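So the structure is just underneath, and the comments pick up after that.
These figures come from a predicted structure and were not determined experimentally.
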Amino acid sequence: MGKKIATVITDLFEDSEFTEPKKAFEEKGHQVVTVGPKKGIVATGKQNQTNVPIDVGIEDANPGEYDALFIPGGFSPDLLRADERFVQFAKHFMEEKKPVFAICHGPQLLITAKTLEGRDATGYKSIQVDLEYAGAKVKDVEVVVCQNQLVTSREPKDLPAFIRESLKLLEQ
């Protein structure tokens, strides 16, 4: 039975960090639902190659309806973390021990949600110090799986490992 994955996303996400995991998740029968600032708007990737319609506006998003959270990188997570509704949405998944997949700048949303204390994690080079300040144990490797719940990766070249470990968690 496929899982329902909430994907928090807005403009300037890193195109491949959304499109490649989404394709892999859907090929395995999972449903990827985009949660953004407003239902019906279209988020545009920072490479201008990908336009993503927003399925659910954050005001109508109930984290209890989803099995997992996916946070693509790029500038999107930094924009989302300025909105407390996205911060609380992400916090729910971490507190309920549901799978969370965050790549590149994705962990920025988890930093703002104050959910990384004592966790093993990685992220894009420029946010690794931020992760340390948030209390995470940072590892500079292609993928980190923490407590069978949190999957983090650094950048687009880590996507194969990120997708592999994310799919493993979804199969449990």
Could you walk me through whether Ile111 and Leu116 pass the side-chain contact (heavy atoms from CB on, under 4.5 Å) test, one step at a time?
-> CA-CA 6 Å; Ile111 289 170; Leu116 293 175; 3.8 Å; yes
Hydrophobic clusters here meaning ILVMFWY residues chained together by side-chain heavy-atom distances under 4.5 Å, can you tell me if [X] and [Y] are in one?
| X | Y | result |
| --- | --- | --- |
| Val100 | Val145 | no |
| Ile54 | Val35 | no |
| Phe75 | Val87 | no |
| Phe93 | Leu167 | no |
| Ile103 | Leu109 | no |

Less than 4.5 Å apart, side chain to side chain, heavy atoms only: is that true for Glu142 and Arg154?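 The answer is yes, as the side chains (C-beta and beyond) meet within the 4.5 Å cut-off.
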Do any pairs count as a ring-ring contact (aromatic ring centres under 6.0 Å, His included) and have a residue in [range], sequence neighbours left out, and if so which ones?
| range | result |
| --- | --- |
| residues 34-67 | none |
| residues 116-172 | His105-Tyr124 |
| residues 2-56 | Phe13-Phe18, Phe25-Phe70, Phe25-Phe101 |

Side-chain donor-acceptor contact under 3.5 Å, Ser153 with Asp158: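 Side chains of Ser153 and Asp158: no pair found under 3.5 Å.
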field: Donor on one side chain, acceptor on other, Gln149 and Arg119, under 3.5 Å
entry: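 Side-chain D/A pair, Gln149 to Arg119: present.
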Strictly by salt bridge (charged side-chain N to carboxylate O under 4.0 Å, His left out), give each pair with a member in [range] just once, sequence neighbours left out.
| range | answer |
| --- | --- |
| residues 88-113 | none |
| residues 77-89 | Asp78-Arg81, Asp83-Arg85 |
| residues 48-61 | none |
| residues 64-73 | none |

Checklist entry - Quick one: salt bridge (charged side-chain N to carboxylate O under 4.0 Å, His left out) partners of Lys46, sequence neighbours excluded? => result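 For Lys46, the residues satisfying salt bridge (charged side-chain N to carboxylate O under 4.0 Å, His left out) (neighbours in sequence not counted) are Glu14.
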Worksheet item: Got a sec, which residues hit salt bridge (charged side-chain N to carboxylate O under 4.0 Å, His left out) with Asp130, two or more places apart in sequence or on another chain?
Response: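 Salt bridge (charged side-chain N to carboxylate O under 4.0 Å, His left out) list for Asp130, sorted by chain: empty.
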One pair to check against side-chain contact (heavy atoms from CB on, under 4.5 Å): Ile71 and Leu110. What are the steps and the verdict? CA-CA 9 Å; Ile71 313 170; Leu110 304 176; 4.0 Å; yes
I'd like to know if the side chain of Glu132 and the backbone of Val138 have a donor-acceptor N/O pair within less than 3.5 Å.
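Checking the backbone N and O of Val138 against the side chain of Glu132, no donor-acceptor pair under 3.5 Å is found.
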For this session: Could you pull out all residues at least two apart from Glu20 that satisfy side chain to side chain contact (heavy atoms under 4.5 Å, CB included)?
Result: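 Only Ser16, Leu159, Ile163 meet the side chain to side chain contact (heavy atoms under 4.5 Å, CB included) criterion with Glu20.
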Note to self: So, using side chain to side chain contact (heavy atoms under 4.5 Å, CB included) as the criterion, who are the partners of Asp120 when residues are at least two apart?
What the structure shows: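 Result, side chain to side chain contact (heavy atoms under 4.5 Å, CB included) vs Asp120: Lys137, Lys139, Val144, Cys146.
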Does Asn51 have any side-chain hydrogen bond (donor to acceptor under 3.5 Å, both in side chains) partners at least two apart in sequence or in another chain, and if so, which?
->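 Once residues adjacent in sequence are excluded, the partners of Asn51 under the side-chain hydrogen bond (donor to acceptor under 3.5 Å, both in side chains) criterion are Thr44.
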- prompt: If you round to the nearest 0.5 Å, how far is CG of Asn148 from CD of Glu165?
  reply: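 It comes to 10.0 Å.
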Problem - Spatial distance of atom CD (Glu17) from atom OG (Ser76) [nearest 0.5 Å] - result: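 Glu17 atom CD to Ser76 atom OG measures 10.5 Å (nearest 0.5 Å).
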*asked:* Evaluate Lys22 against Thr7 for side-chain contact (heavy atoms from CB on, under 4.5 Å), listing each step before the verdict.
replied: CA-CA 9 Å; Lys22 176 184 189 284; Thr7 304; over 6 Å; no
Which pair of heavy atoms, one from Pro63 and one from His92, lies closest together, and at what distance?
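Result for this residue pair: CB-CD2, 3.2 Å.
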So Val33 and Ile5, side-chain contact (heavy atoms from CB on, under 4.5 Å) or not? Walk me through it.
CA-CA 6 Å; Val33 178; Ile5 306 165; over 6 Å; no
**Item:** Matching residue for Val52 among Val42, Thr34, Val32 - test: side chain to side chain contact (heavy atoms under 4.5 Å, CB included)
**Value:**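 The passing option is Thr34.
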State whether the number of non-hydrogen atoms from other residues, nucleotides or ligands found under 6.0 Å of Lys4 atom NZ is greater than 12.
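Atom NZ in Lys4 is packed in, count exceeds 12.
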